[in-house]
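Labels below follow one simple rule: chain letters A, B, ... track the order of the sequence lines, proteins then strands, and each chain is numbered from 1. Small disclaimer: the values here were computed from a predicted structure and weren't measured. Values below: all heavy atoms of this structure, side chains included; hydrogens, waters and symmetry mates excluded.
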Amino acid sequence: MIKIKDLHANIEGSEILRGINLTVNAGEVHAIMGPNGSGKSTLAKVIAGHPSYEVTGGSIEYDVNGKNKDIQELEPDERAKEGIFLGFQYPIEIPGVTNIGFLRESFNSICTHQGAQEMEAPEFRTFLQSKLDLLEMESSFLDRSVNQGFSGGEKKKNEILQMAVLNPRLSLLDETDSGLDIDALKIVAKGVNALKSKFNATVLVTHYQRLLNFIVPDKVHVLYKGRIIKSGGKELALELEKRGYDWLIKESTEGKGN
Amino acid sequence: MSQDMSTHLINEVKAFHKELKKEYPEASFNLKKNALSEFEKLGLPDKKEEIWKYTNASSFLNSNLKLGAPKKAITPQMIEGYLINTDSNRIVFINGNMESSYTFLNENISLSIKKESDLPNGFSKDSFGLLNKAISPEEIFIEIKPNFVLEEPLEILHLTTLENDSFINCPRVHIKVGSYSKISTLEHFFCEAYEKTPHYFVNAQTSIICEEGSSVEHVKCQRDSLKAVHIAEVKAIVKKDSAFKSFTLSLGANLARNNISSLLEDTWAHTNIHGLFVIKEDQHCDNYSVIDHKVANTTSDQLFKGVLDEKSHGVFTGKVIVNPDAQQVNSGQLNKNLLLSKSAKVNTRPILEIEADDVKCAHGATIGQIDENQAFYLRTRGVSERKAQEILCQAFVQEALDQISHIGIRKFVSPLVENYFNQFKILDEKTQGANDGN
Ligand SMILES: Nc1ncnc2c1ncn2[C@@H]1O[C@H](COP(=O)(O)OP(=O)(O)O)[C@@H](O)[C@H]1O
Ligand SMILES: [Mg+2]
């Protein structure tokens, strides 16, 4: 579904991604772990097309209608229309825009792109109800401004609500588990699992094994200083939980001889 | 320039007065004549005057401006499109003249038309106030009787037609709201031939007296031609226990200057002076507000927002006066601006003249651009860049529009602003700015 080759990216002149290689296939769940500042959010934002980052080398190929396409040719909204979804580590507050207005705008623009029918307001509200139920969210959230005054957990649930509405093919969920209590975590995990199918893929950026107890990954990668220094199965996450990152970092720097 | 324009206007008014003298009673005529001679002494203001620091008004006026705007017959359907309710209380001006045949008021609202007035608390005696008085052939008095609640808004329509090209219009409206009465009014200025952008000059004056315990909301919606000059004063006197809420929306006019003042005359008087301007091209919009806390225990609140595209220029001055004996005064002021282009410009200044010590006066101002992270967030959900910009502009103005208390007026005015953004360049400007750097 997505093939990232030797990806390099800068922000304001400093290189953050320094040669990422990653392939995710349809039906898979990947977890990306790693210490703070290693470039996990940067990778997610570069895939989604954040304009502040400059890709200086390598490629991101993404499957569009059965053909591999270099997604750097696509604007962020075009990537979204092709099914790429970024769940933000820090969801943005937009005072003055209602949650439902925002959801409908984005749902309809994606529908139009995919040649599906747009939905009128009352019909859309009904459609949303099942998604709200899935995430155990009050419908009063719909009429509030996007993320404004939401608690940390509510913001993360709101991200998954958007994901449930847009039904993406590739979901990049950046620390969707941080700031969640165990009940909220279970609800979010239930939501993500319910949306999983053999046609879509999920990339979870996380610090903690506990999310991976609920959403079981097929592959786990460790990102450090802009490179993937180790990949493995779900047992790698368990090992990291026990031993931390230091041993891996040591191993990788020794291996490189620097 | 300002000298030439003053001379031109004085000559026009003198010629106009020759005709007026024939039909006017001498006493009334003399008031007009005196106003003109006072105007002659002052002339048009220039930027050396502190209150006109950022706006050279005469440079926006064409030298072919004249008096005696033509009467124009219109069909009732023509104005219905501009009314909130087709059966509402309304006063209709066409090209600056009040037209009784389109005006309708119920029995609780009285209307009188006078050739003269010398109200002790009348309008300001600045250049444009004097010019208005010297020119305006009649004064419109609207009185709302005491203990009366008007649910539907009183609509004051100022319609300009293409025939008004090159004319000066000087409507003068006085509104007196009786004690314990409550009304909302929408004063709506618009040009029927908007696309043809006629140049004309509206010099309007509105005075409002809020009697004890009354509650008055005045919303002004200005959609004059993009080549017109609109200079207007709204002056309120707010008495004991009464509230005056003003909202000034400016969309049109090449130059718009809004002088808004509220005099809190007695205890527990409250005023809101809110507003919004949304401008583009080479529009210039200058808002000058004065809130005067004459006595103790008076409160005021102010939110003014501006959105500026292309080469437009916005100005906000918020003057707050607290007199020496006016203790326990509470006043808040906030001015927020959104710049959509690198060539747009804003000047904002609070002027606080606070002579009492036990007062709370807060003020603040911001000038910003569209938030890149908000735009990116919307775009990651499939919203195009252009649409994201429009949504964020709409979100920005929302907070201002929410200040309009009367739901009917708010619902009428909000879409006019929200739908206006599709005419804005926003992106084109930015792209150009980026290219300039290359
Ligand atoms: N605007 C910026 N300018 C310079 N460096 C930045 C900027 N934003 C992020 N960084 C740096 O990029 C690195 C990677 O950040 P990030 O991708 O957020 O890490 P992670 O998500 O793995 O914690 C960090 O060292 C951070 O300081
Ligand atoms: Mg991060």
Side-chain angles (χ1 to χ4, degrees), chain A residues 44-53 74-99 101-114 116 118 145-148 155 158-159 161-163 165-168 170-172 174, chain B residues 274 276 278 303 305-307 334 336-338 340 366 368-404 410-411 413-415 417-422 426-427 430-431 433-435 437-438:
Chain A
K45 283 193 258 187
V46 166
I47 296 171
H50 196 293
S52 297
Y53 297 90
L74 301 178
E75 294 290 323
D77 44 297
E78 294 171 320
R79 298 184 198 193
K81 285 174 183 165
E82 297 302 345
I84 294 179
F85 179 88
L86 171 60
F88 282 61
Q89 180 175 3
Y90 304 108
I92 309 290
E93 300 189 4
I94 314 183
V97 177
T98 62
N99 226 2
F102 168 49
L103 282 166
R104 198 158 80 92
E105 185 72 43
S106 74
F107 180 79
N108 282 342
S109 65
I110 288 176
C111 279
T112 306
H113 175 76
Q114 294 173 349
E118 292 195 4
S145 283
V146 175
N147 293 326
Q148 195 188 17
K155 282 181 181 167
N158 207 28
E159 294 292 288
L161 176 70
Q162 293 166 29
M163 177 180 157
V165 169
L166 301 179
N167 192 21
L170 175 66
S171 303
L172 312 158
D174 192 357
Chain B
H274 298 316
L276 171 67
V278 178
L303 174 66
K305 284 193 150 188
V307 182
L334 191 55
K336 292 188 190 172
N337 301 284
L338 179 62
L340 303 176
T366 63
Q369 282 100 37
I370 284 187
D371 186 302
E372 195 187 47
N373 286 320
Q374 290 182 339
F376 177 63
Y377 191 64
L378 293 170
R379 297 184 70 194
T380 61
R381 305 304 186 245
V383 180
S384 72
E385 180 167 28
R386 169 74 208 187
K387 188 74 197 172
Q389 311 260 15
E390 281 180 31
I391 289 174
L392 293 173
C393 288
Q394 289 162 351
F396 180 83
V397 299
Q398 199 58 54
E399 184 192 14
L401 293 168
D402 282 347
Q403 308 300 322
I404 300 174
R410 189 167 68 231
K411 285 198 168 151
V413 162
S414 297
V417 186
E418 288 157 9
N419 298 334
Y420 194 43
F421 290 114
N422 64 22
I426 318 176
L427 278 181
K430 268 214 169 141
T431 320
N435 287 344
N438 289 341

Novice: Could you check if a side-chain atom of B:E372 sits within less than 4.5 angstrom of a side-chain atom of A:P51, using non-hydrogen atoms only?
Specialist: yes
Novice: Against chain A, work out which of B:Q398, B:R379, B:R381 has the most heavy-atom pairs shorter than 4.5 Å and name it.
Specialist: B:R381
Novice: Select, from A:R79, A:E75, A:E78, the one with the greatest count of heavy-atom pairs under 4.5 Å involving chain B.
Specialist: A:E75
Novice: Please step through side-chain contact (heavy atoms from CB on, under 4.5 Å) for the pair A:K45 and A:L86, ending with a clear verdict.
Specialist: CA-CA 8 Å; A:K45 283 193 258 187; A:L86 171 60; 4.1 Å; yes
Novice: Would you check if there is a donor-acceptor pair between the side chains of A:N147 and B:Y377 at a distance under 3.5 Å?
Specialist: yes
Novice: Among pairs that include at least one residue of residues 105-114 of chain A, which meet salt bridge (charged side-chain N to carboxylate O under 4.0 Å, His left out), considering only residues two or more places apart or in two chains?
Specialist: none
Novice: Under 6.0 Å from the six-membered ring centre of B:F396 and within 45° of its axis: does the NZ or CZ of B:K336 meet both?
Specialist: no
Novice: If I measure from the heavy atoms of chain B, does A:E93 come under 4.5 Å with its side chain, its backbone, both, or neither?
Specialist: backbone
Novice: Where on A:L103 is there a heavy atom nearer than 4.5 Å to chain B: the side chain, the backbone, both, or neither?
Specialist: neither
Novice: Quick check on the interface: out of A:G96, A:S145, A:P91, who has the most heavy-atom pairs with chain B under 4.5 Å?
Specialist: A:G96
Novice: According to side chain to side chain contact (heavy atoms under 4.5 Å, CB included), who are the partners of B:L378, at least two apart in sequence or on a separate chain?
Specialist: A:I94, A:F102, B:V383, B:A388, B:I391, B:L392
Novice: Which answer fits A:V146, side chain, backbone, both or neither, if we ask what part of it has an atom under 4.5 Å from a heavy atom of chain B?
Specialist: side chain
Novice: A:G49, A:S52, A:P76: which one forms the most heavy-atom pairs within less than 4.5 Å of chain B?
Specialist: A:P76
Novice: Under 4.5 Å from any heavy atom of chain A, what part of B:E399 do you find: side chain, backbone, both or neither?
Specialist: neither
